Peer 1: 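My questions all concern the structure below.
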Amino acid sequence: MSADEFIVTPWHVEGDIDYDKLIEKFGTQKISPELLEKIKSMTNEDHFMLRRGIFFSHREMNRILEDYEKGNEFFLYTGRGPSGHTHIGHLVPWVFAKWLQDKFDVNLYFQLTDDEKFYSKTNLTLEETKKFAYENALDFIALGFNPEKTKIIINTKNIQTLYPIAAQVAKKINFSNTKATFGFTNETNIGMIFYTSLQSAPCFIEDKPVLIPLGVDQDPHFRLTRDIAQKIGKQKPALIHNIMIPALTGPGGKMSASEEKGTIYTTDTPDVVKKKINKYAFSGGQPDIEQHRKLGGNPDIDVSYQYLRIFFEPDDSKLKKIYEDYKSGKLLSGELKAILIEKINEFLKTHQEKREKAKQQIEQFLLENK
RNA sequence: GGGUUCGUAGCCUAGCCUGGUAGGGCGAUGGUCUCCAAAACCAUCGAUCGUCGGUUCAAAUCCGAUCGGGCCCA
């Protein structure tokens with residue numbers, strides 16, 4: 001695969017992603033300065049993930065905001081395919097969703113697609129994906145969502161609620177649509193073919209517009225949803241997309257929950273975090289200290305720096321100093337890694353405590369079938 | 001229901017026709033080198049060849065059954 005090639009699908013991400021090209025390819029909208037300004041004025045906050053382009057693209061986010069200003073409330077929807085334990089990259093859209101919920105005081109649905117991971121991963125059983133769904137739910141709850149306004153959907157558990165909606169959707173999507181959208185072939189099992197209608201279902205679970213913060217790789221599902229929304233008398237879901245979080249071992253792919261090494265899990269101990277970062281994090285440093293002092297490092301490809309930018313250092317001035325110091329060669333890669341390790345462990349310490357408490361709270365978050 | 005094809009280390013795969021206990025690539029691990037990581041270079045680990053049975057002195061290789069995956073037809 002050459003440098004300018006990349007693949008982004010809901011099941012596979014590969015290569016060095018050019019996000020401008022991706023916007024063009026997917027037909028989404030880049031988040032404009034005007035939109036940023038609008039969000040800022042409506043929330044009274046300049047969220048670092050927006051400011052820094054971690055969320056970089058959208059579909060009709062402006063419509064959602066305009067409607068909201070007219071007094072029409074929306075709701076939020078995001079989710080996770082429970083194919084493994086939660087890693088820090090998964091937290092990006094969730095944290096952002098939490099922020100949106102706080103700012104707009106709206107309902108949020110979180111879908112755990114245990115059926116989909118069972119369909120798409122040959123080596124996972126339904127029992128395993130259900131178990132991961134529970135584990136992932138704990139991480140989600142640990143972020144502090146409002147239980148009054150937040151419901152967790154587990155596909156196999158909530159099928160009764162989802163199915164009537166999914167049926168409406170499924171009738172409007174034919175095999176050619178899914179083939180074109182997802183690259184399905186005759187080998188694809190029929191669970192996968194139907195599945196997209198279940199991922200669409202929560203979009204219409206309330207009779208209000210929906211805004212979906214999510215990783216851009218999941219966009220294709222909602223492209224289909226948007227295509228058929230009017231046909232079933234519903235509004236198109238609006239989306240806001242975040243970039244793929246690079247694996248520890250380097251750019252050229254998102255963090256995969258199935259690759260132990262290149263991944264920081266939310267349950268990792270401080271020692272493990274330290275070891276993983278030091279041992280695996282791809283650096284933008286020079287081959288030796290002398291050259292590094294002289295030539296400086298490249299924070300733009302340095303994974304440790306990227307993690308700080310994406311998640312762990314919301315303070316712009318601190319981040320800027322790290323950027324400049326690293327670029328100038330003042331800051332060594334080992335030192336940069338130490339900063340990140342400290343930040344991650346600080347975060348995980350409280351996260352893990354909240355995650356423990358979540359075991360007691362989970363019941364009140366799970367959606368009840370009506 | 002009929003047909004067909006495949007099942008070899010974590011992954012991909014050679015070998016099967018012409019039986020003599022398996023070879024490669026990726027990955028992983030360790031080392032050298034680096035402030036780390038990467039790259040590079042060394043080195044190492046790893047498969048009783050889906051399962052059961054048969055033929056044979058000897059089977060991943062032949063035969064039968066069975067389980068599992070794929071495709072085609074109905």
Side-chain angles (χ1 to χ4, degrees), chain A residues 1-3 5 7 9 11-17 83-85 87-89 117-129 132 175-176 178-179 182-193 245-265 268 270-313 321-345:
Chain A
M1 173 171 293
S2 69
E5 280 181 292
I7 299 169
T9 75
W11 298 283
H12 183 68
V13 176
E14 189 183 330
D16 205 353
I17 303 162
S83 58
H85 290 288
H87 60 61
I88 54 177
K117 287 304 165 192
F118 169 63
Y119 293 141
S120 64
K121 303 275 180 183
T122 49
N123 53 347
L124 283 180
T125 64
L126 249 191
E127 286 65 37
E128 287 169 326
T129 58
F132 285 133
F175 191 27
S176 296
T178 64
K179 277 202 215 172
F182 303 114
F184 289 163
T185 65
N186 284 346
E187 304 177 27
T188 309
N189 68 62
I190 63 171
M192 294 285 283
I193 295 160
I245 311 309
L248 265 191
T249 47
K254 73 169 173 178
M255 248 197 194
S256 165
S258 46
E259 282 170 37
E260 290 279 334
K261 315 290 182 294
T263 308
I264 306 283
Y265 293 103
D268 282 345
D271 279 355
V272 169
V273 170
K274 184 169 186 224
K275 191 179 168 193
K276 282 183 177 172
I277 298 292
N278 279 328
K279 198 166 165 57
Y280 300 114
F282 182 80
S283 104
Q286 299 296 340
D288 61 51
I289 202 162
E290 200 178 322
Q291 290 187 66
H292 193 272
R293 293 289 187 211
K294 193 172 146 203
L295 302 169
N298 182 355
D300 295 318
I301 61 165
D302 187 283
V303 171
S304 301
Y305 175 79
Q306 291 307 318
Y307 279 23
L308 290 170
R309 181 176 85 91
I310 292 168
F311 198 93
F312 291 102
E313 183 49 87
K321 182 160 176 16
I322 292 168
Y323 185 92
E324 285 168 355
D325 286 352
Y326 193 60
K327 194 150 189 144
S328 74
K330 187 176 164 193
L331 189 68
L332 297 177
S333 300
E335 293 165 346
L336 173 58
K337 287 187 174 185
I339 295 172
L340 178 66
I341 291 164
E342 167 84 29
K343 283 280 180 187
I344 293 179
N345 282 334

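Computed from a predicted structure; not experimentally measured. Order of the sequence lines sets the chain letters (A, B, ...), proteins ahead of strands, with each chain counted from 1.
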Peer 1: Provide the distance between the two C1' atoms, one in rU5(B) and one in rG20(B), to the nearest whole Å.
Peer 2: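 Their C1' atoms lie roughly 29 Å apart.
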Peer 1: With C1' as the reference atom in both, quote the distance from rU21(B) to rA58(B) in angstrom, rounded to an integer.
Peer 2: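 Pairwise C1' distance, rU21(B) against rA58(B), rounds to 9 Å.
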Peer 1: Taking any strand in view, what nucleotide pairs with rU55(B) in a Watson-Crick or G-U wobble way, both distances under 3.5 Å?
Peer 2: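 Pairing partner: none.
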Peer 1: From rC36(B), rC35(B), rG70(B), pick the nucleotide closest to the side chain of Asn278(A)?
Peer 2: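 My answer, after comparing the listed nucleotides, is rC36(B).
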Peer 1: Does the Lys NZ or Arg CZ of Lys179(A) fall within the cation-pi geometry relative to Phe175(A) - under 6.0 Å from the ring centre and within 45° of the axis?
Peer 2: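 Pair Lys179(A)/Phe175(A) counts as cation-pi.
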Peer 1: Could you measure between the two C1' atoms, the one in rG50(B) and the one in rU61(B), and give it in whole Å?
Peer 2: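 It works out to 16 Å between them.
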Peer 1: Calculate the interatomic distance between Asn298(A) atom CG and rA39(B) atom C1'; express it in whole Å.
Peer 2: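 Value for this atom pair: 16 Å.
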Peer 1: Have Asp300(A) and Tyr323(A) got a donor and an acceptor in their side chains that come within less than 3.5 Å?
Peer 2: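 Present: a donor and an acceptor within the cut-off.
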Peer 1: Taking a pair as Watson-Crick or G-U wobble with both distances under 3.5 Å, which nucleotide is matched to rG7(B)?
Peer 2: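 Here rG7(B) is engaged in a pair, and the nucleotide opposite it is rC67(B).
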Peer 1: Starting from C1' on rG10(B), measure out to NZ on Lys121(A) and report it in whole angstrom.
Peer 2: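 About 14 Å, once rounded to whole Å.
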Peer 1: Could you tell me how far rC49(B) sits from rG19(B) if I compare only their C1' atoms? Round to whole Å.
Peer 2: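 Rounded to whole Å, the distance is 15 Å.
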Peer 1: OP1 or OP2 of rG30(B) sitting under 4.0 Å from any side-chain N/O of Lys279(A)?
Peer 2: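 For rG30(B), OP1 or OP2 has a side-chain N or O of Lys279(A) closer than 4.0 Å.
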Peer 1: For nucleotides rG46(B) and rG10(B), find the distance between their C1' atoms and express it as a whole number of Å.
Peer 2: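 Roughly 10 Å separates the two C1' atoms.
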Peer 1: When you get a sec, tell me which of rC35(B), rG70(B), rC36(B) is the closest nucleotide to the side chain of Lys337(A)?
Peer 2: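 When the side chain of Lys337(A) is considered, rC36(B) is the closest of rC35(B), rG70(B), rC36(B).
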Peer 1: State whether Tyr280(A) places a side-chain N or O below 4.0 Å from either non-bridging phosphate oxygen (OP1 or OP2) of rU29(B).
Peer 2: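 For rU29(B), OP1 or OP2 has a side-chain N or O of Tyr280(A) closer than 4.0 Å.
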Peer 1: Partners of Tyr119(A) by ring pair (Phe, Tyr, Trp, His ring centres under 6.0 Å), sequence neighbours excluded?
Peer 2: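 None.
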Peer 1: Roughly how many Å apart are rG31(B) and rC16(B), using the P atom of each and rounding to a whole number?
Peer 2: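 After rounding to an integer number of Å, I get 40 Å for this pair.
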Peer 1: Could you tell me how far apart Asn123(A) (CG) and rG69(B) (P) are, to the nearest whole angstrom?
Peer 2: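 Atom CG in Asn123(A) sits about 14 Å away from atom P in rG69(B).
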Peer 1: Let's test this: given Watson-Crick or G-U wobble pairing with both distances under 3.5 Å, identify the partner of rG30(B).
Peer 2: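 Across any shown strand, rG30(B) pairs with rC42(B).
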Peer 1: Nearest whole Å is fine: how far is rC35(B) P from Ile289(A) CD1?
Peer 2: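 My rounded result for the distance is 6 Å.
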Peer 1: If we take the C1' atom in both rC6(B) and rG15(B), what is their distance in whole Å?
Peer 2: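 Their C1' atoms lie roughly 16 Å apart.
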Peer 1: CG of Asp288(A) versus C1' of rC36(B): gap in Å, rounded?
Peer 2: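 Value for this atom pair: 12 Å.
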Peer 1: Taking atom P of rA39(B) as reference, at what distance in whole Å does atom CZ of Phe282(A) sit?
Peer 2: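 After rounding, the reported distance stands at 8 Å.
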Peer 1: Let's test this: given Watson-Crick or G-U wobble pairing with both distances under 3.5 Å, identify the partner of rG23(B).
Peer 2: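 WC or wobble partner is rU13(B).
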Peer 1: Starting from P on rC35(B), measure out to CD on Glu335(A) and report it in whole angstrom.
Peer 2: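 It is 12 Å, rounded to the nearest whole Å.
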Peer 1: Side chains of Tyr326(A) and Ser333(A): any donor to acceptor distance under 3.5 Å?
Peer 2: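 Their side chains do contain a donor-acceptor pair, which is all the 3.5 Å distance test asks for.
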Peer 1: Roughly, in whole Å, what's the span from CD1 in Ile264(A) to C1' in rA37(B)?
Peer 2: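 Atom-to-atom, Ile264(A) to rA37(B), this comes out as 13 Å.
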Peer 1: For atom NZ of Lys274(A), decide whether the heavy atoms of other residues, nucleotides or ligands shown that lie under 6.0 angstrom number more than 12.
Peer 2: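 Open: at most 12 neighbouring heavy atoms sit under 6.0 Å from NZ of Lys274(A).
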Peer 1: Determine the Euclidean distance between corresponding C1' atoms of rC17(B) and rC62(B); express it in Å to zero decimal places.
Peer 2: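 Result for the C1' pair: 11 Å, nearest Å.
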Peer 1: Could you check Glu290(A) against Lys275(A) and say which one's nearest nucleotide on RNA chain B is further toward the 5' end?
Peer 2: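 Nearest nucleotide further toward 5': that of Lys275(A).
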Peer 1: CZ/Phe311(A) to CG/Leu340(A) distance, rounded to the nearest 0.5 angstrom?
Peer 2: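 Spacing of CZ (Phe311(A)) from CG (Leu340(A)) equals 11.5 Å.
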